[in-house]
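Got a structure for you, written out below as structure tokens; questions coming shortly.
First the proteins, then the strands, lettered A, B, ... as listed; each starts at 1.
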2 protein chains.
Amino acid sequence: MSHLDKADTALFMSQLLGHALEMTGTAKDTSCGFSCGDTALPSQVDHCLQCPVRDLAVCSSLNDDEIGQLAQFVVGQEFSGGHDLFVEGDPASAVYTVTEGAVKTHKLMPDGRRQITGFFFAGDFVGLAHGENCAYSAEAAGTIRVCRFDRKRFDHVLDEFPKMRSRLLSEASDELAAAHNQMLLLGRKTAKERLATFLLMVDQRTAQWRKDEDVLELPMTRGDIADYLGLTTETVSRTFTQFRSAGYIAAQGTQDVKVLSREGLEDAAEG
Amino acid sequence: MSHLDKADTALFMSQLLGHALEMTGTAKDTSCGFSCGDTALPSQVDHCLQCPVRDLAVCSSLNDDEIGQLAQFVVGQEFSGGHDLFVEGDPASAVYTVTEGAVKTHKLMPDGRRQITGFFFAGDFVGLAHGENCAYSAEAAGTIRVCRFDRKRFDHVLDEFPKMRSRLLSEASDELAAAHNQMLLLGRKTAKERLATFLLMVDQRTAQWRKDEDVLELPMTRGDIADYLGLTTETVSRTFTQFRSAGYIAAQGTQDVKVLSREGLEDAAEG
DNA sequence: GCACACCATTGATCGAGATCAATGCCCGCT
DNA sequence: AGCGGGCATTGATCTCGATCAATGGTGTGC
């Protein structure tokens with residue numbers, strides 16, 4: 001909660017000052033900062049045109065001219081780990097594209113039980129909401145960069161560029177398919193199957209931009225993984241150990257996982 | 001699989017014969033059958049205009065003229081319980097609106113473990129898919145009626161009527177929010193909490209057209225409920241018994257549940 | 001009316017993963 | 001260097017829901 005207040009205040013101040021790139025939490029300054037006014041300065045359009053996920057994100061459905069319109073109100077933001085993009089129940093006022101790092105979404109029960117409902121990596125779109133309010137919270141898992149779009153203005157862009165709404169619907173369908181997979185995992189898979197499925201998912205979804213194709217950098221803690229897989233940290237930890245013993249993976253520190261046998265993981269993922 | 005073949009064959013023959021209302025499985029004949037050719041006959045447009053879910057479904061985003069275009073290629077179909085609308089892995093060739101009864105979607109593991117990923121009631125839209133193939137199967141839970149739309153022609157309608165795509169995106173967002181709730185349920189809730197949550201969900205989603213507002217007619221078996229909640233039939237059955245003992249519900253046969261204490265269920269749903 | 005198949009319920013037992021508990025590691029801070 | 005907090009790992013034990021098993025109910029077709 002306090003995170004959000006802080007972020008919002010920072011945003012407000014920054015808008016007053018005419019800076020489009022936000023920083024929140026403990027994030028360090030960033031090399032690609034730039035300033036803008038109400039209309040798109042060349043540098044701001046460049047921000048979008050030179051975006052690292054230009055061809056991955058929903059924006060890829062727009063041509064350079066159209067991107068210019070979007071660029072007029074995009075706000076680049078940086079969050080450090082643990083800080084909230086938005087919180088369940090908040091008015092849904094913005095949507096986001098992840099440009100760097102990973103975002104996790106979650107739901108909480110009154111007694112503190114938590115379910116992480118999804119991870120979003122560079123190029124992914126976060127914040128689709130039907131009603132007035134957010135149905136879940138979104139939080140930075142490690143330092144991230146996102147593009148923030150005001151929801152109303154974004155909706156307006158969608159009206160103008162049907163291609164983009166179409167693309168967004170595709171994205172939503174994808175997310176829905178992923179959700180179905182996750183329900184199967186949560187409802188019917190064993191701990192081993194869950195972790196193996198998870199590792200293969202991360203493998204697949206981060207393949208495009210990894211340095212070493214066999215080393216997964218997990219931006220989340222064991223607790224996060226547990227809350228995503230419907231397990232406890234202890235079980236996740238034990239299962240990692242089993243996979244190490246079985247020779248499926250090798251650990252390099254606790255965040256990096258070297259995949260030794262994709263086949264082993266694939267077998268483990270389906271019993 | 002054989003179900004589908006049968007349905008598809010029936011569909012093909014019926015189209016040859018110029019009948020737009022299909023019947024599959026053991027479904028009885030229906031009082032509102034009608035015939036049509038390639039273009040919309042008045043009666044077919046009427047089919048849509050007089051549709052019981054006209055104001056509930058995605059079609060509600062279209063005016064009477066626009067509905068006419070949709071009506072040109074809608075196919076009314078009737079399925080009896082257990083028959084498949086489509087199967088995971090099949091080419092995604094059609095989308096559906098439920099007009100009567102309930103549809104369930106599910107995923108299977110190679111060894112037969114099953115997870116039901118959603119129930120769809122009158123007015124709901126089923127069959128959103130991004131890729132070429134269905135990401136899950138859909139099956140009639142009890143006798144149902146649906147409107148079937150060829151996917152390509154439906155996509156074309158979406159291009160023509162942006163309102164409808166917008167509405168569909170809303171629908172998808174809703175479904176996504178429901179999926180998040182279900183992940184919380186499957187990952188973190190106890191058996192009691194799951195069943196209570198389920199009963200309240202059915203209560204809410206079927207409220208609009210129930211005869212008796214306190215009696216839920218469950219169109220699915222205990223096994224279906226179990227596969228939806230990530231439990232076994234035995235546990236579902238035991239939990240029903242507990243709710244009966246606690247006075248939250250009363251049974252009238254096995255398919256009908258009279259809600260005696262919504263408050264009791266609400267408490268049970270969150271521990 | 002009877003046989004069969006399927007479904008729901010209840011009881012007894014088992015086991016995967018939760019819970020409780022202890023230890024070690026790493027990193028930032030003083 | 002020394003301290004403290006968060007995270008990961010490992011061990012011991014417990015518990016909720018799964019599994020195995022038996023029975024009764026219901027509807028369908030012969």
Side-chain angles (χ1 to χ4, degrees), chain A residues 25-26 28 80-82 109 111-115 141-143 185-196 198 217-245 249-257 268 271, chain B residues 25-28 80-82 104 109 111-116 141-143 185-198 217-245 249-257 268 271:
Chain A
T26 62
K28 284 176 249 106
S80 60
M109 293 182 64
D111 64 1
R113 277 176 285 174
R114 182 175 71 142
Q115 179 65 37
T143 302
L185 179 147
L186 291 169
R188 290 297 176 221
K189 291 193 178 183
T190 66
K192 266 189 217 181
E193 291 165 351
R194 291 180 199 205
L195 187 61
F198 171 73
E217 295 170 39
L218 303 177
M220 64 294 281
T221 66
R222 295 288 184 267
D224 284 344
I225 298 174
D227 281 347
Y228 181 58
L229 299 179
L231 301 169
T232 58
T233 34
E234 292 93 329
T235 301
V236 170
S237 184
R238 279 185 244 271
T239 311
F240 263 113
T241 305
Q242 286 182 50
F243 284 177
R244 255 182 275 119
S245 310
I249 58 170
Q252 351 215 279
T254 126
Q255 301 290 91
D256 291 3
V257 172
Chain B
T26 62
K28 282 174 252 107
S80 61
K104 60 196 184 196
M109 292 182 65
D111 64 0
R113 279 176 284 174
R114 183 176 71 143
Q115 179 65 38
I116 293 187
T143 301
L185 178 145
L186 291 169
R188 292 297 177 219
K189 291 193 178 182
T190 65
K192 265 189 217 181
E193 290 165 351
R194 291 181 199 205
L195 187 61
T197 306
F198 171 73
E217 296 170 38
L218 303 177
M220 66 292 281
T221 66
R222 295 290 185 266
D224 285 344
I225 298 174
D227 281 347
Y228 182 58
L229 299 179
L231 301 168
T232 58
T233 32
E234 292 94 330
T235 301
V236 170
S237 185
R238 279 185 245 273
T239 310
F240 263 112
T241 305
Q242 286 181 50
F243 285 176
R244 256 182 276 118
S245 310
I249 58 171
Q252 351 216 280
T254 128
Q255 302 290 88
D256 291 4
V257 172

Practice prompt. For Gln255(A) and dC7(D), give me the distance from atom CD to atom P, rounded to whole Å.
Written response: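 Taking atom P of dC7(D) as the reference, CD of Gln255(A) is at 10 Å.
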Practice prompt. Indicate, with a heavy-atom threshold strictly under 4.0 Å, whether Thr221(B) touches base, sugar-phosphate, or nothing.
Written response: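 Counting heavy atoms under 4.0 Å across all strands, the contact made by Thr221(B) is with sugar-phosphate only.
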Discussion item. Can you give me the closest heavy-atom contact between Glu193(B) and Met109(A), atom names plus distance?
Written reply: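 Closest heavy-atom pair between Glu193(B) and Met109(A): OE1-CE, 4.1 Å.
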Fill in: Rounded interatomic separation in angstrom, taking CZ from Arg113(A) and C1' from dA18(C)
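My rounded result for the distance is 13 Å.
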Discussion item. Could you tell me how far apart Ile249(B) (CD1) and dA8(C) (C1') are, to the nearest whole angstrom?
Written reply: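 The answer, rounded to whole Å, is 13 Å.
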Worksheet item: Looking at Lys192(A) and Thr239(A), what are the two nearest heavy atoms and their distance?
Response: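 Reported closest heavy-atom pair: CA-CG2, 3.9 Å.
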Worksheet item: How long is the line joining CD1 of Ile225(B) and C1' of dC7(C), in whole Å?
Response: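 Taking CD1 of Ile225(B) and C1' of dC7(C), I get 12 Å after rounding.
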Discussion item. Would you say Thr241(A) places a side-chain N or O within less than 4.0 Å of OP1 or OP2 belonging to dT10(D)?
Written reply: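 Yes.
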Item to complete: Measure from CD on Gln252(B) to C1' on dT26(D) and round the result to the nearest Å.
Response: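 Gln252(B) atom CD is separated from dT26(D) atom C1' by 18 Å.
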Discussion item. Can you measure Gln242(A) atom CD to dG11(D) atom P for me and round it to whole angstrom units?
Written reply: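 Gln242(A) atom CD is separated from dG11(D) atom P by 12 Å.
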Fill in: For Thr235(B), side-chain hydrogen bond (donor to acceptor under 3.5 Å, both in side chains) partners two or more places apart
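side-chain hydrogen bond (donor to acceptor under 3.5 Å, both in side chains) list for Thr235(B), sorted by chain: Thr232(B).
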Worksheet entry | Under 3.5 Å donor-acceptor, Gln115(A) side chain and Tyr228(A) backbone |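 Yes: the side chain of Gln115(A) pairs with the backbone of Tyr228(A).
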Discussion item. If we ignore hydrogens and angles and just use 3.5 Å, is the side chain of Arg188(B) paired with the main-chain N or O of Arg113(A) as donor and acceptor?
Written reply: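 No, Arg188(B) side chain to Arg113(A) backbone: no donor-acceptor pair under 3.5 Å.
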Practice prompt. Find the distance Lys192(B):NZ to dT15(D):C1' and express it as a whole number of Å.
Written response: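 Result: 14 Å.
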Discussion item. Using a 4.0 Å cut-off on heavy atoms, which residues in residues 227-235 of chain A reach DNA chain D? List them by number, or say none.
Written reply: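 The stretch gives Glu234(A) as the residues lying under 4.0 Å from the strand, ordered by number.
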Worksheet entry | Whichever of Arg188(A) and Phe240(A) has its nearest DNA chain D nucleotide further upstream toward 5' |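 By nearest-heavy-atom nucleotide position, the 5'-most residue is Phe240(A).
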Worksheet item: Which one, dT9(D), dA12(C), dG17(C), comes nearest to the side chain of Arg238(B)?
Response: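 Of dT9(D), dA12(C), dG17(C), dA12(C) is nearest to the side chain of Arg238(B).
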Discussion item. Rounded to whole Å, please give me the gap between CG in Leu186(A) and P in dA16(C).
Written reply: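 It works out to 19 Å between those atoms.
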Worksheet item: Hey, which of these two, Arg244(B) or Thr190(A), hits DNA chain C nearer its 5' end, going by closest nucleotide?
Response: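 This one resolves to Arg244(B).
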Worksheet item: Between Lys189(B) and Leu195(B), is any pair of side-chain heavy atoms under 4.5 Å apart?
Response: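 Not in contact.
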Practice prompt. State the CD1-CE distance between Ile225(B) and Met220(B), to the nearest 0.5 angstrom.
Written response: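 The distance works out to 6.0 Å.
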